[in-house]
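As the structure is a prediction and not an experimental result, all values here were calculated from the model. Values reported hereafter were calculated over all heavy atoms of this structure, with side chains retained and with hydrogens, waters and symmetry mates removed.
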Amino acid sequence: MWFSFWKPRDRFSLDELRYLTDQLVKVQIVNEVNKDFVIEALRSIAELITYGDQHDSTFFEFFMEKQVMGEFVRILKVSRTVSVSLQLLQTISIMIQNLKNEHAIYYMFSNEHMNYLITYSFDFQNEELLSYYISFLRAISGKLDRNTISLLVKTHNDEVVSFPLYVEAIHFAFHEESMVRTAIRALTLNVYHVGDESVNRYVTSAPHADYFSDLVTFFRKQCINLNALVSDTMKNLGAESAETTTLISAAVDEIEDSLYYFSDVISAGIPDVGKLITDNVLQLLIFPLLLPSLTRKAVEGVQIGAATSLYLVCCILRIVKIKDLANTIAAALFCPLDAVVPKFGSKPNGYTSLCAFEHESQPPDSNNLTKADAGILRVDVTNLSSSPQIHSADVPRENDCCDFHLSLREALISYITSGDDVQVAGSLSVLATLLQTKGCIAEMQISLHLLLITVSLPNSTSVKLTQLFLVAVSDQICTFVELDESTLDALGILPQRKQHKKLLLQALVGEGLGEEQLFSSEGGSSRDGIEFGSELDSCLRKLKEQYGVACSFLEVRASPRVHRFQVLDALVSLFCRSNISAETLWDGGWLLRQLLPYSQAEFNSHHLKLLNDSYKNCASALLKETRGIWPDLLITILCDEWKRCKRAIEASSPRKEPKCILLSSPKFSSEDGITSDSSFAAGQRMCELVKVFVLQHQLQIFSVGRSLPEKPPINPPADVFENSRAQSAGVDSSGPKLGTELRLVDAVPCRIAFERSKERHFCFLAISLGASGWVVLAEELPLKEPYGVVRMVAPLAGTDPKVDDKHSRWMHLRIRPSTFPFVEPARYGAYGKAKTKALVDGRWTLAFRDEESCNSALSMVSEEISLQSNEVERRLKPLLGLETIAESSNSSLGPPKATSSYSILSNSL
């Protein structure tokens with residue numbers, strides 16, 4: 001009964017905090033006996049201090065008065081168990097994260113208690129303890145500002161001489177656990193973004209500056225590990241597993257996370273950090289690994305493959321926003337491989353000095369830049385006033401030792417003309433990235449100045465220049481180019497729009513050739529080589545002086561217009577290749593539209609002939625698809641791909657990220673039950689063909705200077721003919737539905753077994769309606785002749801009807817799926833592999849009463865397939881240009897067979 005005289009303490013009261021503190025002071029040693037009480041006391045104190053920070057300031061005043069932080073440190077010293085250390089770190093982390101009062105934070109960070117805990121020798125073999133410690137460090141960094149950071153550093157003569165938080169944190173910067181690395185990166189960014197000059201000098205002084213070079217070294221290791229995964233996948237073509245894809249995807253994510261961290265560090269604005277990272281990236285990664293990998297030859301010591309190298313170059317240019325780094329990489333593309341490899345310790349396999357090439361001391365003939373056989377593309381420029389004659393690509397042979405004396409720019413172009421799909425995609429991505437590399441320097445004032453000058457010019461000149469003024473203005477408003485335009489021009493990828501802007505500027509300031517070239521018919525690139533004093537010239541000299549890398553003399557002397565036509569010729573050659581995926585060809589189409597957004601002037605007759613021949617071949621192949629397995633979906637797919645392709649090549653930026661170079665789209669294989677002769681495989685091939693045809697057709701429109709229509713030019717659906725089987729059966733445009741009635745006109749009785757020993761009797765009917773068609777099995781209604789109820793429906797197209805070789809009354813039909821993931825992705829899961837059973841072809845074997853009935857059914861199926869194909873062909877006629885293509889196609893296709901009055905209808909179509 002005496003317990004009732006004691007009043008219980010309120011849990012969230014100052015008395016409770018006082019009691020817990022008093023009990024904690026009495027603890028002289030922490031062992032297994034009292035550890036539970038200590039842990040609970042620490043947890044409760046954190047809860048009370050957090051509560052008091054929001055409701056009652058006296059809580060934290062008591063905390064300071066009793067110097068509880070000192071008690072925490074003492075408890076850590078006398079503790080013999082890991083669990084107490086865990087709770088102590090968690091307690092302080094919770095308090096730091098939740099305290100809102102600035103004075104409370106200042107107290108927490110003062111008196112060196114935090115630095116003592118930061119430098120305490122915890123047993124980090126315990127992973128849980130390490131996790132709590134890292135969280136503790138990150139919590140501290142989250143409260144850093146110009147005032148609080150001074151409480152955690154030691155200074156001498158206004159210079160920081162000790163910063164335990166930063167020093168201890170970077171010890172774990174390269175920990176094997178990614179979560180630890182991420183936390184440390186967040187902590188360092190919090191430090192860098194404080195903006196304290198003395199701290200910035202500390203982190204960039206020796207030995208702490210080594211952290212930045214160690215970052216690049218660690219990143220290099222990540223790149224090599226990624227390449228190992230990619231190489232294993234390349235060696236085992238067709239055996240790519242979901243696990244391998246997941247590993248590559250995870251490695252790619254880590255690569256990009258590291259690059260974004262580089263970018264965030266640079267954005268903090270710490271002096272010299274950008275230069276530190278640039279120099280290390282160039283000397284540890286770009287020059288010794290990535291650039292040598294761009295050659296088509298193996299190089300000793302190089303541990304990065306071409307595909308991985310192309311991906312990494314794209315990522316570095318896109319993510320790390322350092323102007324010097326981007327310009328240096330771009331300038332290095334003018335250097336031959338043998339200028340990079342010997343400098344950084346690798347020698348080409350089979351390297352020989354006997355291979356003839358142009359040295360700097362041997363300038364080429366000024367009248368002909370095609371003397372060097374090492375050139376990827378041969379361009380006769382004996383008279384630059386006329387259009388250059390671009391010949392077929394002189395692709396280096398596999399045993400051509402001069403491969404090492406080609407410039408890296410030419411190596412990129414060689415991938416476009418003769419590389420595999422991954423190499424082409426990577427090369428296009430590099431060029432697109434160089435084209436899209438942007439900074440943040442607006443030039444609107446220049447455009448306004450141009451307007452004032454234009455208005456003051458004589459009318460004859462003003463009218464011409466005003467026509468292009470809006471082009472210059474639009475570029476200045478929305479394009480903030482980081483790569484110098486002289487670099488893009490020398491690479492051959494300066495967009496025509498920017499060329500005109502450049503010449504417009506020259507014309508307005510009175511440079512003689514500016515206006516002449518602006519309105520000339522051969523385009524606007526500079527006639528001379530790299531301009532002395534330009535940013536590119538400065539980068540090339542820096543490459544030689546600082547890194548010992550010399551550029552190719554041929555590259556420097558060549559006109560940018562020559563390089564431009566090499567790129568254009570390579571793209572035209574790419575569009576004529578049949579071993580490159582449609583998605584990659586679309587990337588090439590985007591690059592072409594960037595270079596030539598509104599003019600066909602730079603296409604010569606050779607280009608037009610190549611594009612036209614390739615288009616005709618593609619159109620002929622597409623025409624055959626009207627009599628293939630999927631004609632009913634051909635127009636739907638074509639219309640969809642037309643819109644997608646138009647959006648893709650007219651987009652302001654590439655539609656795919658660099659990671660797509662390494663992560664190919666998932667495809668169905670034999671493991672999924674899909675064989676090469678299946679209807680689904682045929683559907684894949686048709687979709688690929690449609691994509692290529694759409695691009696080829698849009699290039700035809702583009703090559704004559706016309707704008708692309710929103711929809712493909714196809715004929716509308718035809719009306720249903722009165723004597724068609726669809727109308728006789730009473731089938732509308734939605735097609736026959738299960739359980740509905742229809743007239744069994746021309747239906748042929750048959751038997752079929754869908755289960756062993758369970759034959760069923762049906763009436764078989766083939767129906768076509770426009771571009772659609774079906775084969776139907778219906779049960780006859782004895783009391784309602786000649787009607788029947790639909791029991792089975794399958795697509796007509798792709799049935800491939802055949803009479804059995806041994807049983808003349810049997811007819812075999814292939815039953816393909818009604819659609820596939822390319823048309824309805826949701827139906828087959830996110831990646832189209834959720835319901836692979838729905839993709840496998842079925843088989844019907846129909847048994848008829850006699851041979852005559854079987855032949856009648858065969859004839860009916862053939863006639864309806866022919867009607868369906870003819871309707872698809874008729875609708876595609878404006879698109880395909882059948883008048884010129886059909887003659888070559890019909891000879892191989894042969895006339896459709898028909899054995900009844902329906903042949904008259906077929907011929908009339």
For side-chain contact (heavy atoms from CB on, under 4.5 Å), just list the numbers for L289 and C223, CA-CA rounded to whole Å, side-chain angles, deciding distance to a tenth of an Å, and then say yes or no.
CA-CA 10 Å; L289 280 184; C223 295; 5.8 Å; no
Kindly indicate, with the supporting measurements, whether the criterion side-chain contact (heavy atoms from CB on, under 4.5 Å) is fulfilled by Y261 and L189.
CA-CA 8 Å; Y261 176 62; L189 289 176; 3.7 Å; yes
Using a 6.0 Å cut-off, check whether atom CD of E197 has over 12 heavy atoms from anything other than its own residue.
no
R318 side chain vs T433 backbone, donor-acceptor pair below 3.5 Å:
no
S258 side chain to Q222 side chain, donor-acceptor N/O pair below 3.5 angstrom:
yes
Close side-chain approach of I266 to K321, heavy-atom, < 4.5 Å:
no
Go through the steps to decide whether V265 and F212 satisfy the test side-chain contact (heavy atoms from CB on, under 4.5 Å), and finish with yes or no.
CA-CA 10 Å; V265 171; F212 300 106; 3.9 Å; yes
For the pair F174 and Y211, name the ring-plane relationship: parallel under 30°, tilted 30 to 60°, perpendicular over 60°.
tilted
Other residues, nucleotides and ligands only: do more than 12 of their heavy atoms fall within 6.0 Å of CZ on F218?
yes
Checking the side chain of H563 only, and the main-chain atoms of A490 only, is there a donor and an acceptor separated by less than 3.5 Å?
yes
Roughly how far, to the nearest 0.5 Å, is CZ of R593 from CG of L591?
12.5 Å
Is a side-chain donor or acceptor of S429 paired with a backbone partner of G426 at a separation under 3.5 angstrom?
no
Spacing of CG belonging to D196 relative to OH belonging to Y202, to within rounding of 0.5 Å:
13.0 Å
Contacts under 3.5 angstrom, residues 308-317 side chains, donor-acceptor by atom type, not counting sequence neighbours:
residue	atom	partner	partner atom	Å
T308	OG1	N227	OD1	3.0
S309	OG	L290	O	2.6
Y311	OH	E256	OE2	3.1

Determine yes or no for a side-chain-to-main-chain donor-acceptor pair under 3.5 angstrom, with R564 supplying the side chain and P495 the backbone.
no
Value for CG (L215) from OG1 (T188), rounded to nearest 0.5 Å, stands at 7.5 Å
When rounded to the nearest 0.5 angstrom, what is the spacing between CZ in F219 and CG in L259?
3.5 Å
With a 4.5 Å cut-off on side-chain heavy atoms, are L571 and L595 touching?
yes
Closest contact, heavy atoms only, I493 versus L431
CD1-O, 3.7 Å
For V422 versus A307, what's the shortest heavy-atom pair and its separation?
CG1-CB, 3.4 Å
Flag, side chain of R409 to backbone of F334, donor-acceptor distance under 3.5 Å:
no
Mind telling me whether F172 and H175 have parallel, tilted or perpendicular rings, with 30° and 60° as the class edges?
tilted
If you look at every heavy atom in V252 and K659, which pair is closest and at what distance?
CG1-CB, 3.7 Å
Any chance you could lay out the side-chain contact (heavy atoms from CB on, under 4.5 Å) test for K656 and D587, step after step, and finish with the verdict?
CA-CA 8 Å; K656 294 192 297 186; D587 295 339; 3.0 Å; yes
Just wondering, do R146 and V194 contact through their side chains at under 4.5 Å, heavy atoms?
yes
For residues 272-282, dump all side-chain donor-acceptor pairs below 3.5 Å to protein atoms at least two apart in sequence or in another chain.
residue	atom	partner	partner atom	Å
K275	NZ	D279	OD2	2.9
T278	OG1	G274	O	2.8
D279	OD1	Y547	OH	2.9
N280	ND2	L276	O	2.7

Measure across L226 and A251 and return the closest heavy-atom pair with its distance rounded to 0.1 Å.
CD1-CB, 3.7 Å
Would you say that K221 contacts T217 through its side chain, given a criterion of any heavy-atom pair below 4.5 Å between the two side chains?
no
Do NZ/NE/NH1/NH2 and the carboxylate oxygens of D257 and R185 come within less than 4.0 Å?
no
Atom of L491, atom of V567 and distance for their closest heavy-atom approach
O-CG2, 3.8 Å
Taking the side chain as every heavy atom from C-beta outward, state whether P288 and Q283 have any atom pair closer than 4.5 Å.
no
I need the T584 OG1 to D420 CG distance, nearest 0.5 Å.
9.5 Å
Is it the case that the side chain of T417 and the backbone of A570 share a donor-acceptor pair, with hydrogens and angles ignored and the cut-off at 3.5 Å?
no
Between the main-chain N or O of E410 and the side-chain N or O of S407, is there a donor-acceptor pair closer than 3.5 Å?
yes
Closest non-hydrogen atoms of T204 and P271, given as atom of the first, atom of the second and distance, are CG2-O, 3.9 Å
Is a donor on one side and an acceptor on the other found under 3.5 Å between the side chain of S427 and the backbone of Y415?
no
Would you say L568 and L596 make side-chain contact, with heavy atoms under 4.5 Å?
yes
Do K544 and V549 make a side-chain contact, defined as non-hydrogen atoms from C-beta onward lying under 4.5 Å apart?
no
Taking the side chain as everything from C-beta on, heavy atoms only, tell me whether I329 gets closer than 4.5 Å to F287.
no
Output the distance between atom NZ (K323) and atom OG1 (T328), rounded to the nearest 0.5 Å.
11.5 Å
